Amino acid sequence: MTRTSATTPVPVVLAGARGHGRWHLANIRRLQHQGLVRLAGVCELNPLTDAELDLFAGEMPEQSADFGALLDSTGAGAAVICTPIPTHTTLALTAAARGVHLLLEKPPAATYEDYARMADGVRKAGVACQIGFQSLGSHAVPAVQDLVRSGAVGTVRGIGAAGAWVRDDAYFRRAPWAGRRRMGGTDVVDGVLTNPLAHAVATALELAGGGTAEDVVSIETELFRAHDIESDDTSCVRITTTDGLPVTVAVTLCAEEAGEPYVIVHGDRGRITFWYKQDRVLVQRAGHGPEETVHGRTDLLENLVAHLEDGTALLVPPERTGAFMRVLEAVRTAPEPTALPATAWHTRPADQGDGVRRIVRGIDGTVAAAADTLTLFSELGASWARPSEVSTA
């Protein structure tokens, strides 16, 4: 966006500056260099050290564990919330009550009820709220949508998505809520579909034209776990939209080899594959050679600032994530994930450190096949996904 010398940087408070919050800290610094924002405060239970704030030497932000008090004392214009999932709604409403605009990390809430309460609260407060699905800032998303509208691959028959990631046992020890469905009666829902590979779900729904809650007719879930955790680490889901399109997402944290997650638009005359972390699109269609393009991306905090300054449309307002929250709710209310039998997985030393990782045998191919055929694990004949062991919501 274009700045003028008269423009005042937006004072920002970051809630949750460790873990993934470190990425936000670096991004805020990048935008501070451009004159877009100023880091006014950091909310952490344990204050950041000078070393952790070395990028801000000479202009140290105020720190406090009291989010509301920090917003008041800093005069924050915007807040970035990157805290544990169950805290999102409370903190978002705390900011909204003070007229502070928001970038709220995904998933926006741990339950659909909390999501609706948050969305209603920010709307009534008149504050802008951006949900942190960074993939929806990719310029490839409208490019793919334009290709579909132009009939490039014919009539769309469905959307598939696949994600094969590698996570070792240390990943599930990174925080008390990691790998949990609930803690002390509070919903957490830290499953593979709802947190680490949530972008696959949200992006697939967006390309299906089904981003709002009203766009979803039904949801089928198959939730499994190879690790000794509460939540799912190897799962698939099939969403049917109001247009009758099937959207099948298959993901795992127990891959044989780490791969780039992707979404496929299946047409009757071709397909479009979108590797959403790379902003890369491949079009394959009848009568044409393969066409590959790489697109730019708009940062979501930068987009929020532009919205506040000149009314630029928000890329990911809460209503655009309603369908994703319907999926999260289906996962939350589904039966407990099925523990895979020991014969279905094996261990290997972690790629880093002294830990180990669990690998589901053949899962890389199974995940890809589900996205390719729009079918669930049980329908693909996976030996560990017999229909009697499947949780369906």
Side-chain angles (χ1 to χ4, degrees), residues 11-29 37 39-49 52-53 61-74 76-98 100-119 121-122 125 127-134 171-191 194-196 198-199 202 230-231 300-301 304 316 318 321 324-325 328 332:
V12 172
V13 164
L14 172 61
R18 295 190 172 98
H20 183 58
R22 294 188 185 97
W23 182 90
H24 284 289
L25 197 64
N27 191 49
I28 290 169
R29 180 57 176 167
V37 303
L39 182 63
V42 172
C43 183
E44 269 288 351
L45 296 179
N46 297 305
L48 297 187
T49 65
E52 289 175 303
L53 284 169
E62 184 178 339
Q63 297 200 64
S64 173
D66 187 326
F67 183 57
L70 190 60
L71 295 177
D72 293 337
S73 63
T74 59
V80 177
I81 297 175
C82 186
T83 54
I85 302 164
T87 68
H88 285 186
T89 294
T90 298
L91 294 182
L93 294 177
T94 296
R98 290 164 168 79
V100 175
H101 305 284
L102 288 164
L103 172 58
L104 179 62
E105 255 302 342
K106 58 82 187 163
T111 72
Y112 190 86
E113 180 181 3
D114 282 350
Y115 156 77
R117 186 160 59 90
M118 178 276 296
V122 299
V127 300
C129 182
Q130 180 103 279
I131 307 301
F133 282 108
Q134 294 288 343
Y171 175 81
F172 299 104
R173 298 194 304 269
R174 73 192 190 280
W177 51 267
R180 302 291 296 272
R181 280 168 70 83
R182 62 192 64 84
M183 287 182 66
T186 299
D187 290 294
V188 175
V189 203
D190 182 43
T194 54
N195 195 11
H199 283 88
E230 286 182 358
S231 61
L300 296 185
L301 181 55
L304 175 62
V316 198
T321 66
F324 169 81
M325 284 304 303
L328 181 145
R332 184 183 76 86

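Only a predicted model underlies this, so the values are computations on that prediction, with no experimental measurement involved. The figures that follow rest on heavy atoms only: side chains count, while hydrogens, waters and symmetry mates do not.
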Euclidean distance, [Y] [atom2] relative to [X] [atom1], rounded to 0.5 Å:
X: Met118; Y: Thr90; atom1: CE; atom2: OG1; value: 11.5 Å
X: Gln130; Y: Leu300; atom1: CD; atom2: CG; value: 4.5 Å
X: Leu93; Y: Asp114; atom1: CG; atom2: CG; value: 9.0 Å
X: Trp23; Y: Glu105; atom1: CH2; atom2: CD; value: 8.0 Å
X: Thr89; Y: Glu113; atom1: OG1; atom2: CD; value: 9.5 Å
X: Thr49; Y: Gln63; atom1: OG1; atom2: CD; value: 8.5 Å

Quick one: do Leu48 and Leu25 satisfy side-chain contact (heavy atoms from CB on, under 4.5 Å)? Show the steps, please. CA-CA 11 Å; Leu48 297 187; Leu25 197 64; 4.1 Å; yes

Where is the tightest heavy-atom contact between [X] and [Y], given as atom of each residue plus distance?
X: Cys82; Y: Gly21; result: SG-N, 3.6 Å
X: Leu103; Y: Ile131; result: CD1-C, 4.4 Å
X: Met183; Y: Trp177; result: SD-CA, 3.5 Å
X: Ala110; Y: Pro86; result: CB-CA, 4.3 Å
X: Pro196; Y: Gly191; result: CD-O, 3.3 Å
X: Ala178; Y: Asp190; result: CA-OD2, 3.4 Å

In chain order, what residues pass the side chain to side chain donor-acceptor pair (under 3.5 Å) check against [X], with sequence neighbours excluded?
X: Arg173; answer: none
X: His101; answer: none
X: Thr74; answer: none
X: Ser73; answer: Glu62

Would you list the pairs meeting salt bridge (Lys or Arg N to Asp or Glu O under 4.0 Å) in which at least one residue belongs to residues 84-97, sequence neighbours left out? none

Sequence neighbours left out, what pairs pass salt bridge (Lys or Arg N to Asp or Glu O under 4.0 Å) with at least one residue falling in residues 178-188? Arg180-Glu230, Arg181-Glu336, Arg182-Glu336, Asp187-Arg332

Give the ring-plane orientation class for His20 versus His24, where under 30° counts as parallel, over 60° as perpendicular and anything between as tilted. perpendicular

For Asp66, check salt bridge (Lys or Arg N to Asp or Glu O under 4.0 Å) against everything at least two apart and list the hits. none

Restricting to salt bridge (Lys or Arg N to Asp or Glu O under 4.0 Å), what partner residues turn up for Arg18, sequence neighbours left out? Glu44, Glu52

What residues, two or more places apart in sequence or in another chain, satisfy ring-ring contact (aromatic ring centres under 6.0 Å, His included) together with Tyr171? none

Is it the case that the side chain of Arg98 and the backbone of Thr94 share a donor-acceptor pair, with hydrogens and angles ignored and the cut-off at 3.5 Å? yes

Verify, without hydrogens or angle tests, whether Thr321 (side chain) and Phe324 (backbone) share a donor-acceptor contact under 3.5 angstrom. no

With sequence neighbours left out, write down each residue that passes side-chain contact (heavy atoms from CB on, under 4.5 Å) with [X], or none if nothing qualifies.
X: Thr83; answer: Ala15, Ile81, Thr87, His88, Leu91
X: Ala95; answer: Phe67, Leu71, Val100, Leu102
X: Thr194; answer: Val189, Leu328, Val331

Apply side-chain contact (heavy atoms from CB on, under 4.5 Å) to residues Val316 and Lys106 and explain how you reach the verdict. CA-CA 11 Å; Val316 198; Lys106 58 82 187 163; over 6 Å; no

